[in-house]
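Throughout, protein chains are lettered first and strands after them, A, B, ... in sequence-line order, and every chain is numbered starting at 1. Side-chain atoms are counted along with the backbone in the values below, which use heavy atoms only and exclude waters and symmetry mates.
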There are 2 protein chains.
Amino acid sequence: MELRQLKYFLKAKELLNFTEAAKLLNISQSTLSQQIKQLEEELNVPLFNRIGKRIILTEAGEMFSEYALLSINKANEGLLLLKDLNNLSVGKVIIGVVYSMRIIFAKALTEFAKQYPNIKIQVVFGTTKDLLEKLNSHLFDFVLTFHEGAEHPHLKYQTLLSSNMVLVASKKSTLANKSSISLEEVAQLPLALPFSGYSTTQFFVDSFNQKDLDPNICMEINDIPTLFEIVKTGHWHTILSETSVNDPQVVAIPIEGKNMKRTIMIISLKEAYEKKAVKKFYELLRGIQEYK
Amino acid sequence: MELRQLKYFLKAKELLNFTEAAKLLNISQSTLSQQIKQLEEELNVPLFNRIGKRIILTEAGEMFSEYALLSINKANEGLLLLKDLNNLSVGKVIIGVVYSMRIIFAKALTEFAKQYPNIKIQVVFGTTKDLLEKLNSHLFDFVLTFHEGAEHPHLKYQTLLSSNMVLVASKKSTLANKSSISLEEVAQLPLALPFSGYSTTQFFVDSFNQKDLDPNICMEINDIPTLFEIVKTGHWHTILSETSVNDPQVVAIPIEGKNMKRTIMIISLKEAYEKKAVKKFYELLRGIQEYK
DNA sequence: GAAAACAATCGATAAAATCGATTTAGGAAT
DNA sequence: ATTCCTAAATCGATTTTATCGATTGTTTTC
């Protein structure tokens, strides 16, 4: 039993005339006769009574046709669903995002949700390491994070934008009106950094080491809003990507040095099928870059 | 898209291993790969992500599989239904019966309904002419009636039994203890016959004509129970097939003559598929003959 | 680094669908 | 009756398709 045969059968049932049905099906009458016959043999019951030159549906044919139609319909519904999926009217996107991308990501997220209200979105915040592991297990459609040194052959890297590393200080701080600051100066300041599991912190510790500097890291805190509260006291400072800062009570002072930029990347699996919805999300993320 | 491909796809989805799935499907791995690929091309979306030697279902694959399963299930349900139909657990039988067969038919009917409680039965009483016309329009599975002169080439005739024509008289009648009666004697009696549209009446009028007899037909009544009421008055008599008589207050006196028998037949369409249920009904009708 | 596992691909073959032509037969018109 | 028309069945040839076995290219495992 094949969908083709069911389709033929239903058309024949509809017209009760093999010749006409064959014409509409764009096959020969011979083919239709044979396919119907084959179906009848498989079902072990005639679907039509051949009375002279007329054909009329048997009881079995009548009852079977209901299911034939359902079978075809379900297959077609599946097809339609996939079309819909491509039209972004259904579906789900799962994204991993590092904490420091929170602000920039939120913009794209709200825009996406507005444009494609029927697509469900799951956002998982985490550290780059965690996120990339989960990406490898196919748990994410893509991950939004900073560029790490090594590139994995399974992964696809799309550069989104560069973001300066900045020293975050209280607006009341004496540093507040500096237009830039050197790594050496930063090393002198009491620092409250993000948790060392974070790539940003890791990146900075490495930078200090390279210059043989011994930074004064007083705290490591696993939450950026809390970090800001600490900074606002005026006593401590923190180091973040520029993209993380949007609090009016603090200032972001770019750190000097050509390596003091980090590249924000979209990382996805090379081999995985890229959902239409995901592509749209990429576009939105790239758009953000411009009106930032 | 064919059911075969959907079946392959679902098995591959279940095992997430083409080689294994192919084994269980009794096809080669090569075939499976190609059929899946073909399906994906038709659907215009990958159903599996090929990540190295592993395959995992895509979002599209996940969503599509639901419909693939439904489609297959519906087709299978249709198949099961037809099996059921053959097992006489569903279905419908439509039968045309002449009034004079009422009693004999009722026995078979109750027996059939008892044995096959899931089969719906429609019984249409009517005149032979009406019934045969409807049979020709495929409105009946078969017709139970007397044998008429001509045989139609489209029809199949099965003899069921012979039934004497009888004069029906009141038990109180002086005729009541006669073991037979001649057509000439009958012609003398005041008669109340079934309506002349009925074949029995027609048959008798012909028989009287052949012998140049002028019967005393006082009434024609289109209802056998009413005829019996008339007969019970003792004044009138009627002529019926023996099979029509089962009222204790009347007696049935066989009419003499070799043609005074009528053959009860099952008449059906030669070309139409014969339902299992109908065959069973035939058997029961033949059984009746014996314990009559 | 070798071996095993697995999906993709290729070329060949078997199976099946399809076609056009012909046959068969019913129904309609003469 | 006879002829004509129409429609389904059948037949043989052809094309298309499914399938297979063998091979290739990866990836994972040991």
Across all chains, not counting sequence neighbours, the ring-ring contact (aromatic ring centres under 6.0 Å, His included) partners of A:Phe146 are none

What residues 9-20 of chain A contributes to the DNA chain D interface at heavy-atom separation below 4.0 Å is A:Asn17, A:Phe18, A:Thr19

When rounded to whole Å, the NZ to C1' distance for the pair B:Lys23 and D:dT19 reads 17 Å

Side chain to side chain contact (heavy atoms under 4.5 Å, CB included) filter on B:Leu69, not counting sequence neighbours, yields B:Leu10, B:Asn73

- Message: Does any part of the side chain of A:Ile104, heavy atoms only, come nearer than 4.5 Å to the side chain of A:Met101, both counted from C-beta?
- Response: yes

Report task. For A:Phe48, report the nucleic acid contact type (base, sugar-phosphate, nothing); a contact means any heavy atom under 4.0 Å. Result -> nothing

Taken to the nearest whole Å, CD/A:Glu2 to P/C:dA17 is 8 Å

| query | So what does B:Gln38 hit on the nucleic acid, given a heavy-atom distance under 4.0 Å: a base, only sugar-phosphate, or nothing? | reply | sugar-phosphate

Could you write out each protein N or O paired with an N or O of nucleotides 28-30 of chain D at a distance under 3.5 Å?
none

Rounded to whole Å, the CD1-C1' distance (A:Ile27 to C:dA16) equals 14 Å

Here the residues of residues 28-35 of chain B within 4.0 Å heavy-atom distance, strictly under, of DNA chain D are B:Ser28, B:Ser30, B:Thr31, B:Gln34, B:Gln35

ring-ring contact (aromatic ring centres under 6.0 Å, His included) filter on B:Phe281, not counting sequence neighbours, yields B:Phe105, B:Phe112, B:Phe142

Those residues at least two apart in sequence (or on a different chain) that pass side chain to side chain contact (heavy atoms under 4.5 Å, CB included) with B:Thr263 are B:His147, B:Thr159, B:Ser162, B:Met265

Overall bend of the helix from C:dG1-D:dC30 to C:dT30-D:dA1 (five pairs an end, 10° steps) is 30°

For residues 76-93 of chain B, the salt bridge (Lys or Arg N to Asp or Glu O under 4.0 Å) pairs (sequence neighbours left out) are B:Lys74-B:Glu77

Contacts satisfying ring pair (Phe, Tyr, Trp, His ring centres under 6.0 Å) that involve residues 50-94 of chain A (not counting sequence neighbours) are A:Phe9-A:Phe64

Residue set satisfying side chain to side chain contact (heavy atoms under 4.5 Å, CB included) with B:Glu2, at least two apart, ordered chain then number -> A:Glu2, A:Leu3, A:Arg4, B:Arg4, B:Gln5

Using only side-chain N and O atoms of B:Lys37, determine if any of them is under 4.0 Å from OP1 or OP2 of C:dA7.
no

From OH of B:Tyr8 across to P of C:dA7 the rounded distance in Å is 16 Å

With sequence neighbours left out, the residues meeting salt bridge (charged side-chain N to carboxylate O under 4.0 Å, His left out) with B:Glu20 are B:Lys23

